Amino acid sequence: MKFIILAKNLNTLKKNIIFILHILFITFGFSQHKYPQNYFKNPLEIPILLSGTFGEMRSNHFHAGLDIKTQQREGLKVLAAAKGRISRIKISLWGYGKVLYIDHPNGYTTVYAHLKKFSPKIEQYIRKKQYEEESFEIEVYPEEDDLIVEQGEMIAYSGKTGGFIPAHLHFEIRDTKTENPINPLLFGYDIKDTIHPTIKETYAYPVSENSHINEGFEKKKLSLKKVGTGKYKTQTITAIDSIGVGLNVIDLLNNSLNKNGIYSLEMRINGEKKYYHEVEFFSFSRTKKINLHVDYHHYKENKEFIQKCFVNSNNDLKIYKFLEDAGKIYIEDGLDYKIELIAKDYKGNTSTVTIPIKGKKTINSRKEENYEDLHYVDTSCNTTIQHGNATVIFPKNTFYKSERIALKEENNTVNVHRDIIPLQKKYTLAFDIRNMTPTEKKGLYIAKVTYGKYRSYQKSIQNDTAIFSKVKNLGQFKLLKDTIPPKVSLKNFRDGQWITKYRYLKLKILDTGSGIKSYYPTIDGEWIMMERDLRTGVLTFDLSEKKFTTAKHELKIEVIDNAGNKSILRASFYRKK
């Protein structure tokens, strides 16, 4: 193999060589340590203690990094893990909150999320962009030489931005070219862990028309007994034809009570390897396929992740390193089998569960399914279903496989089956509003109803005949009305007050209906950057960011909720120059 390297100077030559070696490591997997060891340093000023590990099971995704404890507080210094350049900055109310991305010369990118605020030079850079766009939420991609950082340089302070989460630092290492997240522990971070994974539950699944377990045709929870350190055994079961198994397993780390994920899971049949997966890296484009990797129905019903050791035909996750017959086990009549499930954490601590099986035919026959009240959704084409005042439109391949679902609408509440079937894309839900008057249509929106009482706004679009939304889950939805404007109030000062010695100006906004959509604050007609705290509804403005040339000033804020209701608050304050 020949490489032609064009380099204007020695630094460019060095970068090109590192890049080529990096590609070779990724492509061919040279040596056990194909990732650079000890290149990246601790991103915090305190020893690393984890509350979350890479590849853990999360709702609709694998966890993409390490969650590092910050002593249950905000404001710890966050340090650049290696020399590089800030390549992306994003600020959002949800998700990663305030997050930094640093590209490094060795072909990797580190990510630092849920930050409270950035270092002064980064804060100055992003604040300028926020004022240019007149928006708190923003995403920018700095030029190559705009923000260079050195290893160990303070780049931010830890926080809890990005929704209702506890204080911690979410830290990732990604391949810069593919953006695939990689397990940071592969880069030499040494986490103390001497504890074996805990196997909490084990299940057996019939996976063919003719298969059964213990003379039944449904999945079976197996009684589990601990027989030693890291050793478990279930009762003997009978089975026939193709079956699969799965387990609920967690891992604890030293000095931490958090329930973390394992690194690898292996299945052996009579001593022969049948299945193996490990969480070295994954692709964001496929992370939603976690819903096929786990027992989705069980998760939705019980909030427990059962990892299946058999793989559906449309599951193309790259975590599977060894698969024989897709992990399905063929049981013959009269034969005995021993299944071993071997769960390991990154440190190699191992727990094993043994499942004895006897092959045995059954005289029971499967009950015929009653599909009378169900609608067939063929994944190869679009499907439209209507009931009462509601219509749903499933584009082709909305489901991972063709399904039969129930649909019922009554009193502007629609049940689109139950949220026990995973989807791979959104579908359209619409309510007919042709017979409503303009007054009746005002303030309408669609909400998702969970646990029978919690209502969350779904982005709703209305025309003369219908109101519709693109939704990503099955379940219950309701057509609601919100005509009450948001509440806006002064928080830390009174109208007409002198606030010369104040550092911050604070307001509070609240909407108990459809929720806040946007807010636009100004002082003396100029937009100001007010940061919103989702927990309290408080908006905060740093008065040092604005030059005041007169004593009296006019504050105005316009707040709009998701149903289009608007509130405007005006107030004055005095401040010495």
Side-chain angles (χ1 to χ4, degrees), residues 73-75 89 91-94 97-98 115-138 140 156-157 159-164 167 482-577:
R73 60 191 177 98
E74 300 179 88
I89 309 171
I91 298 176
S92 56
L93 289 171
W94 302 98
K98 295 184 179 183
L115 305 170
K116 182 176 183 178
K117 65 177 182 178
F118 307 119
S119 67
K121 74 175 182 181
I122 300 173
E123 197 74 31
Q124 182 181 11
Y125 176 92
I126 196 64
R127 186 70 85 242
K128 182 175 182 294
K129 300 294 184 182
Q130 286 174 309
Y131 273 92
E132 288 174 357
E133 296 191 17
E134 295 188 351
S135 176
F136 167 69
E137 294 191 276
I138 194 170
V140 297
Y157 295 93
K160 54 182 179 181
T161 57
F164 303 101
D482 178 10
T483 57
I484 302 174
K487 294 181 180 180
V488 189
S489 59
L490 304 178
K491 177 67 176 174
N492 69 332
F493 72 103
R494 301 182 305 278
D495 187 18
Q497 182 180 342
W498 280 91
I499 59 170
T500 301
K501 295 183 179 180
Y502 281 38
R503 171 69 187 272
Y504 298 104
L505 195 66
K506 295 185 179 183
L507 308 174
K508 185 171 184 178
I509 60 177
L510 176 68
D511 189 88
T512 57
S514 57
I516 301 294
K517 179 182 180 181
S518 65
Y519 58 93
Y520 191 87
T522 61
I523 291 179
D524 299 334
E526 295 183 351
W527 182 84
I528 57 172
M529 207 293 294
M530 300 198 82
E531 183 166 349
R532 179 183 171 193
D533 187 322
L534 285 172
R535 293 171 176 79
T536 62
V538 172
L539 303 179
T540 303
F541 171 62
D542 188 337
L543 289 160
S544 66
E545 293 181 8
K546 184 174 176 61
K547 292 182 179 180
F548 295 94
T549 57
T550 59
K552 185 178 181 180
H553 305 281
E554 299 297 330
L555 169 70
K556 176 184 174 183
I557 182 168
E558 179 179 284
V559 184
I560 302 174
D561 66 21
N562 284 304
N565 303 298
K566 181 191 299 185
S567 291
I568 297 177
L569 180 144
R570 291 181 173 88
S572 62
F573 64 88
Y574 293 86
R575 186 176 177 86
K576 290 183 179 180
K577 302 178 186 178

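Note that this is a predicted model, so its numbers are computed, not measured. Below, all heavy atoms of this structure are taken into account, side chains as well, without hydrogens, waters or symmetry copies.
For the atom pair Phe573 CZ and His553 NE2, the distance stands at 5.5 Å (nearest 0.5 Å). Rounding to the nearest 0.5 Å places CZ of Phe136 at 9.5 Å from CH2 of Trp527. Rounded to the nearest 0.5 angstrom, Lys517 NZ and Asn562 CG are separated by 7.0 Å. Expressed to the nearest 0.5 Å, how far CD1 of Ile89 lies from CD1 of Ile122 amounts to 6.0 Å. Expressed to the nearest 0.5 Å, how far CG of Leu539 lies from CG of Leu505 amounts to 10.0 Å. Here the straight-line distance linking atom CG of Asp561 with atom OG1 of Thr483 works out to 9.5 Å at 0.5 Å rounding.
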Pair Tyr131-Met529, side chain to side chain contact (heavy atoms under 4.5 Å, CB included): steps then yes or no:
CA-CA 7 Å; Tyr131 273 92; Met529 207 293 294; 3.8 Å; yes
Using the rule given for side chain to side chain contact (heavy atoms under 4.5 Å, CB included), can you reason through Thr500 versus Phe548, listing the C-alpha separation, both sets of side-chain angles and the distance that settles it, and then say yes or no?
CA-CA 10 Å; Thr500 301; Phe548 295 94; over 6 Å; no
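The salt bridge (Lys or Arg N to Asp or Glu O under 4.0 Å) analysis of residues 494-512, with sequence neighbours excluded, yields the pairs Arg503-Asp542. Applying the salt bridge (Lys or Arg N to Asp or Glu O under 4.0 Å) rule to pairs touching residues 525-537 yields Lys98-Glu531, Glu526-Lys546, sequence neighbours excluded.
Between the side chain of Asp482 and the backbone N or O of Gly513 there is no donor-acceptor pair closer than 3.5 Å. The closest donor-acceptor contact from the side chain of Arg570 to the backbone of Lys556 lies at 3.5 Å or more, if one exists at all.
Among the candidates Gln130, Glu132, Arg127, the single residue satisfying the side chain to side chain contact (heavy atoms under 4.5 Å, CB included) test with Ile138 is Gln130.
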